[in-house]
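Just below is one structure, and these are the notes that go with it.
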Amino acid sequence: DLGCDHRIEGAVGEGQVPPGAACWVTAGDALALPFADGTFDAVVAAEVVEHIPDDAQALAEIARVLRPGGAVAISVPRFWPEAVCWSLSRRYHDVPGGHVRIYRAGQLLARLRAAGLRPRGRHYAHALHVPYWWIRCVFDPPGGESLPARLYHRMLVWDIEHRPWPTRALERALDPVMGKSLVVYATRSPEPAHAA
């Protein structure tokens with residue numbers, strides 16, 4: 001237990017967390033989560049499993065710590081924008097802790113089902129982030145960030161903070177075509193009924 005970190009405290013200060021809610025941060029291994037079976041009503045794994053060589057075990061662990069009927073949201077980089085990044089820059093993924101695979105939607109859905117999770121819906125998100133990563137793959141020096149990438153990043157931060165309607169509308173229109181992330185929602189299968 002590492003205590004409530006500054007990002008969560010910031011969310012509390014911004015009114016994004018209900019009054020009286022508790023939080024904590026725990027360090028653990030995705031292949032052996034430090035929680036009992038059925039601990040959580042919901043789990044979010046955002047841009048995680050593409051970094052884990054044994055993703056089947058990580059998904060099994062997510063299913064294990066969910067209560068029967070519990071919900072999970074999993075996001076991974078979408079196949080084609082990610083494949084462009086891989087083709088533009090070996091450095092993009094060939095780093096310790098980097099992406100070890102690119103998922104096609106059907107592949108991720110099959111792995112969720114194999115882990116005992118039932119996919120319920122999916123969508124694509126973060127289309128405006130795609131050009132940022134392509135810029136980084138083409139222009140960024142090792143260990144640094146180019147001026148074009150810094151400027152585009154500044155625009156993304158401004159967009160996240162202010163959420164102006166023109167960029168929100170543009171991203172909604174582009175997400176189905178070039179959303180950076182594939183987001184899948186699933187539930188844990190109920191445990192089989194025990195014979196009386």
Side-chain angles (χ1 to χ4, degrees), residues 1-82 93 96-127 129 133 160 171-172 175-176 179-196:
D1 187 350
L2 303 175
C4 191
D5 81 354
H6 65 88
R7 290 167 295 189
I8 296 171
E9 289 170 354
V12 171
E14 292 291 321
Q16 298 171 345
V17 176
C23 61
W24 70 95
V25 176
T26 300
D29 182 345
L31 304 180
L33 293 172
F35 305 106
D37 295 0
T39 298
F40 299 104
D41 294 329
V43 171
V44 175
E47 310 296 311
V48 172
V49 295
E50 70 275 11
H51 296 272
I52 302 172
D54 190 355
D55 62 334
Q57 177 61 29
L59 294 171
E61 278 294 281
I62 288 170
R64 180 187 67 77
V65 301
L66 271 176
R67 67 167 173 75
V72 62
I74 300 217
S75 69
V76 297
R78 184 180 192 168
F79 184 86
W80 84 262
E82 185 74 355
H93 67 89
H99 298 176
V100 297
R101 79 183 52 75
I102 305 174
Y103 291 96
R104 292 190 183 274
Q107 178 187 25
L108 180 60
L109 295 172
R111 290 186 183 187
L112 290 169
R113 289 184 188 102
L117 298 165
R118 295 180 179 176
R120 299 292 188 200
R122 67 181 183 197
H123 69 91
Y124 298 103
H126 309 127
H129 293 232
W133 290 106
I160 290 167
E171 188 158 66
R172 278 193 301 277
D175 278 344
K180 175 81 166 96
S181 298
L182 164 64
V183 184
V184 178
Y185 304 95
T187 55
R188 179 178 165 192
S189 300
E191 294 178 342
H194 296 288

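Source: prediction; values computed, not measured. Numbering of residues begins at 1 and proceeds along the displayed sequence.
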A side-chain contact here means heavy atoms from C-beta on lying under 4.5 Å apart; do Arg101 and Val76 qualify?
no
Please identify each residue that fulfils side-chain contact (heavy atoms from CB on, under 4.5 Å) with Asp54, with sequence neighbours left out.
Leu31, Ala56, Gln57
Side chain Asp41, main chain Arg67, donor-acceptor under 3.5 Å
no
Taking only residues two or more places apart in sequence, or in another chain, which ones meet Tyr103 in a ring-ring contact (aromatic ring centres under 6.0 Å, His included)?
none
Provide the closest heavy-atom pair for Leu66 versus Ala71 in the form atom of the first, atom of the second, distance.
CD2-O, 3.4 Å
Between Asp37 (side chain) and Val65 (backbone), is there a donor-acceptor pair under 3.5 Å?
no
Check whether any side-chain heavy atom of Ile74 sits under 4.5 Å from a side-chain heavy atom of Val44, and report yes or no.
no
For Arg113, check salt bridge (charged side-chain N to carboxylate O under 4.0 Å, His left out) against everything at least two apart and list the hits.
none
Which residue pairs satisfy the ring-ring contact (aromatic ring centres under 6.0 Å, His included) criterion with at least one member in residues 45-67, sequence neighbours excluded?
His51-His99
Flag side-chain contact, heavy atom, 4.5 Å: Thr39 against Leu33
no
When you compare the side chain of Arg118 with that of Arg188, does any pair of heavy atoms fall below 4.5 Å?
no
Are the side chains of Leu182 and Tyr124 in touch, meaning some heavy atoms are under 4.5 Å apart?
yes
Kindly assign one of parallel, tilted or perpendicular to the pair Phe40 and Phe35, based on the angle between their ring planes and the thresholds 30° and 60°.
perpendicular
Measure from NZ or CZ of Arg104 to the centre of the six-membered ring of Phe79 and say whether it is under 6.0 Å with the direction within 45° of the ring axis.
yes
Check whether any side-chain N or O of Glu171 sits under 3.5 Å from a backbone N or O of Ala127 as a donor-acceptor pair, and report yes or no.
yes
Salt bridge (charged side-chain N to carboxylate O under 4.0 Å, His left out) pairs, two or more places apart, involving residues 42-53:
none
Side chain proximity check, Leu117 to Thr187, heavy atoms < 4.5 angstrom:
no
Just so I know, are the side chains of Arg111 and Asp55 near enough to count as touching, which here means a heavy-atom distance under 4.5 Å?
yes
Could you list the residues that satisfy side-chain contact (heavy atoms from CB on, under 4.5 Å) with Ala110, not counting sequence neighbours?
none
